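See structure below.
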Amino acid sequence: MPKVKLPNNSLLDVPQSTPAIEVARKISRSLAEDALVVKIDGKLFDLSTPITNDCAIEFLTFDDPQGKEVYWHSSSHLMAHAIQLLFPEAKFGVGPAIEEGFYYDIDINKTLTPADLEAIEKKMHEISEGDQPFVRKVVTKDDALKFFKEKSDPYKVEIIGGLDGTITIYGEGEFTDLCRGPHVPSAGRLKYFKLLGTSGAYWRGDSKNKMLQRVYGVSFPKKKMLEDHLKMLEEAKKRDHRRLGRELDLFMFHDVAPGAPFWLPKGMIIFRELEKFIREELDKRNYLEISTPMLVKKDLWEQSGHWGHYKENMFVLNVDEEIYSLKPMNCPESTYAFKHKTRSYRDLPLRYSEIGRLHRNEISGALGGMFRVRQITMDDAHIYCRPDQILSEIDNIIALVKYVYGLFNFEVSFKLSTKPDDAMGDPRLWEQAEESLRQALANNAIKYGVKEKDGAFYGPKIDIQIKDAIGREWQVATIQLDYVMLPEQFDLSYIDAEGKPQRPVIIHRAIFGSFERFVGILTEHLAGAFPTWLAPVQAAVIPITDDYRDYAKSVVTALKEQRVRVELDDRNEKVGYKIREWETKKVPYMLIVGQKEAESGAVSVRKHHEGDKGATPLADFVDSIKREIVEKI
RNA sequence: GCUGACGUAGCUCAGCUGGUAGAGCAACGCCUUGGUAAGGCGUAGGUCACGGGUUCAAAUCCCGUCGUCAGCUCCA
């Protein structure tokens with residue numbers, strides 16, 4: 001009798017060849033109901049898999065990421081089944097689970113409309129009600145080829161042609177698909193789904209191949225989960241920075257400048273506050289700010305290697321018979337500032353920061369709001385240091401990153417990207433560099449993921465991701481070690497204590513990344529309700545009637561004297577109307593003043609999203625809002 | 001760049017199978033001076049993205065261009 005070890009380390013004897021699902025039933029009925037798939041000795045299997053040997057076993061439910069993946073993958077089969085019933089001529093590509101749901105690529109001579117999606121969804125429900133089991137079958141390559149040729153599924157045939165080893169197919173009712181599995185036990189487990197849209201996708205991601213239609217969907221075992229998910233998507237739509245940017249007069253886009261925002265006065269306040277903030281932090285940390293030319297001769301880009309590798313993304317101009325380009329990056333030019341003088345080891349680390357405007361000719365299809373623009377403002381820096389200084393410099397940057405993102409209540413996570421196959425430079429240096437990054441992460445007690453071979457060709461890097469208020473992850477800051485690109489290509493050196501020239505190491509780093517993108521992320525994270533220190537309008541003063549306009553003006557003056565961004569709303573409208581409007585503009589404070597307040601030198605404070613806070617002496621309010629602004633609460 | 005969808009007033013959108021445009025909100029004016037999320041009445045506002053074509057007639061049909069969006073792709 002095989003012994004199975006459960007996650008709580010208890011052992012269970014089970015009869016030979018007991019299906020895994022029976023083991024789940026022994027543990028608890030609810031587990032048997034919720035389990036989607038089983039992990040035996042670390043590998044995933046169908047719940048019907050018989051237990052034949054001693055093993056460690058774990059049942060995965062939808063709460064487990066891998067359980068989810070299986071659930072979505074099975075959902076994608078269910079969808080394909082429905083599509084086949086409705087469109088028998090459809091040919092199938094691949095249908096995997098993705099981060100948030102699943103998709104299936106299909107080849108069909110018709111553009112699917114939202115009405116088609118609804119019909120497919122309906123059909124999926126019908127199939128789900130039939131509750132047919134997913135049945136795994138091992139087949140030979142020849143049989144598999146024969147089957148899918150007969151089914152006239154050329155894409156499957158192509159996939160099979162490239163397969164070695166065991167080939168499995170899964171049947172579910174009258175639908176059979178090539179699949180590695182595993183799957184949930186039966187179609188009835190797949191209950192609540194929503195097809196979210198379609199898009200084009202090339203077969204095997206290659207633009208030389210035929211464009212298939214990709215149908216996206218998401219599914220959940222509980223109705224509430226689907227509802228919550230759809231609500232989250234709604235919420236994301238409501239938070240869309242393109243919409244909020246327009247509604248709050250922060251920035252706009254126009255056809256005359258695709259891929260570049262027009263910053264409006266209110267957005268510019270946010271931009272300036274962020275810039276001021278980051279500059280102050282960099283000053284405190286002994287960075288030196290530089291600014292390098294935006295339009296530079298091609299020679300520079302040839303030297304840096306961009307001309308060879310990045311030219312398609314550069315805006316190139318002909319000026320006086322010479323070829324120039326708008327800079328797509330700051331790094332090459334920063335080396336000129338470094339080389340301006342002979343550098344001593346005593347000068348290092350030399351921390352050059354630059355808030356530079358960069359132009360990158362992103363392909364038109366990549367553009368999207370503030371998230372992908374052709375003109376970006378980067379809070380860049382290049383730290384020229386000695387090898388023995390790397391650790392402390394990385395330490396400082398990590399501290400800065402944590403401080404900055406903590407301020408906005410973003411959850412920060414770190415990823416180390418290691419040496420890629422096409423890496424340049426001495427392998428010993430790479431080892432040393434990766435070790436420095438690891439050590440810096442360890443010093444800061446940071447748990448981090450590793451992205452193997454995902455470093456830049458010139459050095460390993462730490463990528464910093466943040467998670468926003470509705471759980472979405474964004475890659476923002478980056479810390480890259482560079483032993484090769486700048487130091488070698490630009491032949492950089494400093495004079496060491498023995499009077500000999502040495503190569504410096506360069507750390508490329510950005511905190512916000514680009515202001516454009518960061519403001520976009522921040523807008524969505526905060527749903528447009530910026531903290532007082534960033535809010536374009538920090539307080540609106542609302543007199544109840546014209547009789548208190550003068551008092552309201554004195555309140556405005558008092559606040560302006562303290563550099564509070566305040567607006568007087570003395571329009572001929574009712575209080576409720578004005579409150580509604582300032583509330584939708586997400587202004588942190590409204591100060592309502594009437595007879596009571598005028599007589600006692602007070603203001604009635606209404607806080608955004610919280611409501612009436614009652615009357616308080618004007619002087620007290622001024623103190624508290626000032627503190628809030630200074631302390632960036 | 002590729003595929004698809006879309007482009008009508010400042011915004012959100014209507015306008016069926018062709019007969020030269022409509023609503024709500026916003027704006028402006030008047031009335032109303034109102035204590036915590038929309039007071040009333042009225043006025044103005046559009047070369048229907050742009051350029052061609054079909055037609056007696058085009059916002060509507062066709063072609064092209066530009067732009068936006070969803071993806072794909074790319075990302076030193």
Side-chain angles (χ1 to χ4, degrees), chain A residues 93 98 103 105 110-114 196-216 237 240 242-243 246-247 249 252-259 301 304-314 328-332 360-369 371-372 420 422-424 454-459 461 475 478 480 482 484-486 489 508 540 542-549 570-586 590-597 604-615:
Chain A
I98 50 176
Y103 68 77
D105 283 346
K110 157 181 202 312
T111 304
L112 293 175
T113 63
L196 297 168
T198 59
S199 78
Y202 298 106
W203 169 238
R204 306 213 137 162
D206 186 337
S207 59
K208 287 198 270 302
N209 289 335
K210 184 164 182 189
M211 168 84 59
L212 309 180
Q213 284 187 71
R214 179 166 292 180
V215 186
Y216 288 88
K237 230 187 252 174
D240 190 318
R242 290 167 293 205
R243 175 196 170 118
R246 188 173 51 230
E247 284 173 2
D249 298 317
M252 52 167 273
F253 290 87
H254 193 278
D255 292 0
V256 292
W301 309 116
S304 69
H306 287 87
W307 201 253
H309 293 278
Y310 201 66
K311 195 175 153 203
E312 327 72 66
N313 288 300
M314 292 166 59
M329 288 167 205
N330 294 309
C331 20
R360 297 180 182 178
N361 192 4
E362 302 283 356
I363 55 176
S364 59
L367 302 178
F371 290 155
R372 202 70 184 266
D422 64 343
M424 277 173 71
D454 202 36
F457 74 94
Y458 52 80
K461 58 180 181 173
Q475 145 84 51
T478 178
Q480 309 187 356
D482 178 6
V484 183
M485 183 177 67
L486 299 185
Q489 304 269 66
H508 303 239
I542 303 174
I544 288 183
T545 72
D546 289 352
D547 293 344
Y548 307 103
R549 194 182 261 170
D570 57 356
R571 290 174 305 168
N572 178 12
E573 291 294 348
K574 288 194 173 177
V575 185
Y577 180 91
K578 296 183 189 176
I579 286 174
R580 177 171 201 279
E581 213 171 80
W582 290 107
E583 201 67 48
T584 60
K585 295 271 179 202
K586 301 165 197 281
M590 283 174 247
L591 304 176
I592 290 125
V593 297
Q595 187 182 9
K596 269 186 335 203
E597 292 79 8
S604 277
V605 179
R606 185 190 165 98
K607 187 145 196 220
H608 171 68
H609 209 66
E610 290 180 24
D612 194 356
K613 295 283 173 189

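Since this is a predicted model, take the numbers as computed values, not measurements. In what follows, every chain begins at residue 1, and chains take the letters A, B, ... in the order their sequences are listed.
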> Picking from A70(B), C75(B), G71(B), which would you name as closest to the side chain of Tyr310(A)?
Replying inline: C75(B)
>> Measuring only the P atom in each nucleotide, how far is C25(B) from G42(B)? A whole number of Å is fine.
In response: 12 Å
> So what does Gly611(A) touch, heavy atoms closer than 4.0 Å: a base, only the sugar-phosphate, or nothing?
Replying inline: nothing
>> Using Watson-Crick or G-U wobble geometry with both distances under 3.5 Å, which nucleotide pairs with C13(B)?
In response: G22(B)
>> I'd like to know whether Arg360(A) forms a side-chain contact (heavy atoms from CB on, under 4.5 Å) with Met329(A), so could you lay out the CA-CA distance, the side-chain angles of the two residues, the decisive distance to 0.1 Å, and finally the verdict.
In response: CA-CA 9 Å; Arg360(A) 297 180 182 178; Met329(A) 288 167 205; 3.6 Å; yes
> In terms of side-chain heavy atoms of Arg372(A), which of G34(B), A70(B), C74(B) is nearest?
Replying inline: C74(B)
> Which nucleotide, A27(B), U73(B), U36(B), lies nearest any side-chain atom of Ile579(A)?
Replying inline: U36(B)
>> Please report the distance, rounded to the nearest Å, between NZ in Lys237(A) and P in C69(B).
In response: 15 Å
> For Tyr577(A) and C25(B), is the shortest distance between a side-chain N/O and OP1 or OP2 below 4.0 Å?
Replying inline: no
> So which nucleotide from U33(B), G1(B), G35(B) ends up closest to the side chain of Lys596(A)?
Replying inline: G35(B)
>> Roughly how many Å apart are G15(B) and G19(B), using the P atom of each and rounding to a whole number?
In response: 13 Å
>> In whole Å, I'd like the distance from the NZ atom of Lys585(A) to the P atom of A37(B).
In response: 19 Å
> Reckon Met590(A) touches a base, only the sugar-phosphate, or nothing at all at heavy-atom distances under 4.0 Å?
Replying inline: nothing
>> So if I take every side-chain heavy atom of Arg580(A) and compare against U33(B), U36(B), A37(B), which nucleotide ends up nearest?
In response: A37(B)
> Base, sugar-phosphate, or nothing: which does Gly576(A) touch, judged by heavy atoms less than 4.0 Å apart?
Replying inline: sugar-phosphate
>> In whole Å, measure the gap between the C1' atoms of G1(B) and C75(B) for me.
In response: 14 Å
> For Arg571(A), what residues pass the side-chain hydrogen bond (donor to acceptor under 3.5 Å, both in side chains) criterion, not counting sequence neighbours?
Replying inline: Asp569(A), Glu581(A)
> What nucleotide, of G39(B), U68(B), U33(B), holds the atom closest to the side chain of Leu367(A)?
Replying inline: U68(B)
>> Using the rule given for side-chain contact (heavy atoms from CB on, under 4.5 Å), can you reason through Ile592(A) versus Ile579(A), listing the C-alpha separation, both sets of side-chain angles and the distance that settles it, and then say yes or no?
In response: CA-CA 9 Å; Ile592(A) 290 125; Ile579(A) 286 174; 3.9 Å; yes
> When rounded to the nearest Å, what value does the distance between P atoms of C31(B) and C13(B) take?
Replying inline: 36 Å
> Quick one: is C75(B) close enough that its OP1 or OP2 comes under 4.0 Å of any side-chain N or O from Arg360(A)?
Replying inline: no
> Ignoring hydrogens and angles, does a donor from either the side chain of Arg606(A) or the base of A37(B) sit under 3.5 Å from an acceptor on the other?
Replying inline: yes
> Relative to the 5' end of RNA chain B, which residue comes earlier, Tyr548(A) or Arg204(A), by the nucleotide with the nearest heavy atom?
Replying inline: Tyr548(A)
>> Please classify the nucleic acid contact of Tyr216(A) as base, sugar-phosphate, or nothing, using heavy-atom distances under 4.0 Å.
In response: sugar-phosphate
> Atom NE2 of His306(A) and atom C1' of A76(B): how far apart are they, to the nearest Å?
Replying inline: 5 Å
> If we take the C1' atom in both C16(B) and U60(B), what is their distance in whole Å?
Replying inline: 10 Å
> U36(B), A37(B), G67(B): which one has an atom nearest the side-chain heavy atoms of Thr584(A)?
Replying inline: A37(B)
>> Can you confirm whether Ser304(A) sits close enough to Gln489(A) that some side-chain heavy atom of one is under 4.5 Å from a side-chain heavy atom of the other?
In response: no
> If you check the Ser364(A) side chain, which of G1(B), A27(B), U36(B) turns out closest?
Replying inline: G1(B)
>> Does the structure show a Watson-Crick or G-U wobble partner for G35(B), both distances under 3.5 Å? Name it, or say none.
In response: none
>> Counting only side-chain nitrogens and oxygens, does Arg242(A) get under 4.0 Å of the OP1 or OP2 atom of G67(B)?
In response: no
> What interatomic distance, in whole Å, is found between C1' of G52(B) and the corresponding atom of G4(B)?
Replying inline: 24 Å
> When you compare A59(B) with C2(B), how far apart are their P atoms, in angstrom units rounded to a whole number?
Replying inline: 29 Å
> If pairing requires Watson-Crick or G-U wobble contacts with both distances under 3.5 Å, which nucleotide is the partner of C48(B)?
Replying inline: none
> When you check the gap from the basic side-chain N to the acidic O, do Asp546(A) and Arg549(A) get nearer than 4.0 Å?
Replying inline: yes
> Can you tell me the Watson-Crick or wobble partner of C28(B), both distances under 3.5 angstrom?
Replying inline: G42(B)
>> Working note: Ile544(A) + Val593(A), criterion side-chain contact (heavy atoms from CB on, under 4.5 Å); need CA distance, chi angles, decisive distance, verdict.
In response: CA-CA 6 Å; Ile544(A) 288 183; Val593(A) 297; over 6 Å; no
> What is the nucleic acid contact for Glu581(A), judged by heavy atoms within less than 4.0 Å: base, sugar-phosphate only, or nothing?
Replying inline: nothing
> How close or far is atom C1' of G10(B) from atom CD of Glu247(A), stated in whole angstroms?
Replying inline: 12 Å
> Under the side-chain contact (heavy atoms from CB on, under 4.5 Å) criterion, do Lys585(A) and Asp249(A) qualify, and how do the steps go?
Replying inline: CA-CA 9 Å; Lys585(A) 295 271 179 202; Asp249(A) 298 317; 3.9 Å; yes
> Looking across every strand, which nucleic acid part, if any, lies under 4.0 Å from Gly369(A) by heavy atom: base, sugar-phosphate, or nothing?
Replying inline: sugar-phosphate
> How long is the line joining CD1 of Ile98(A) and C1' of C72(B), in whole Å?
Replying inline: 13 Å
> With nearest nucleotides of RNA chain B determined for Pro258(A) and His609(A) from heavy-atom distances, which residue corresponds to the more 5′ nucleotide?
Replying inline: His609(A)
>> Both distances below 3.5 Å, Watson-Crick or wobble geometry, any strand: find the nucleotide opposite U55(B).
In response: none
> Taking CH2 from Trp307(A) and P from A76(B), how many angstroms apart are they, rounded to a whole number?
Replying inline: 18 Å
>> Rounding to an integer number of Å, can you tell me how far Glu573(A) CD sits from C30(B) P?
In response: 13 Å
>> Regarding Asp612(A), tell me which of base, sugar-phosphate or nothing describes its non-hydrogen contacts under 4.0 Å with the strands shown.
In response: base
> Ignoring hydrogens and angles, are the base of G35(B) and the side chain of Glu597(A) linked by a donor-acceptor pair under 3.5 Å?
Replying inline: yes
> CZ of Arg246(A) versus P of C25(B): gap in Å, rounded?
Replying inline: 19 Å
> So what's G4(B) paired with, Watson-Crick or G-U wobble, going by both distances under 3.5 Å?
Replying inline: C69(B)
> For atom P, what is the distance between G29(B) and A38(B), given to the nearest Å?
Replying inline: 23 Å
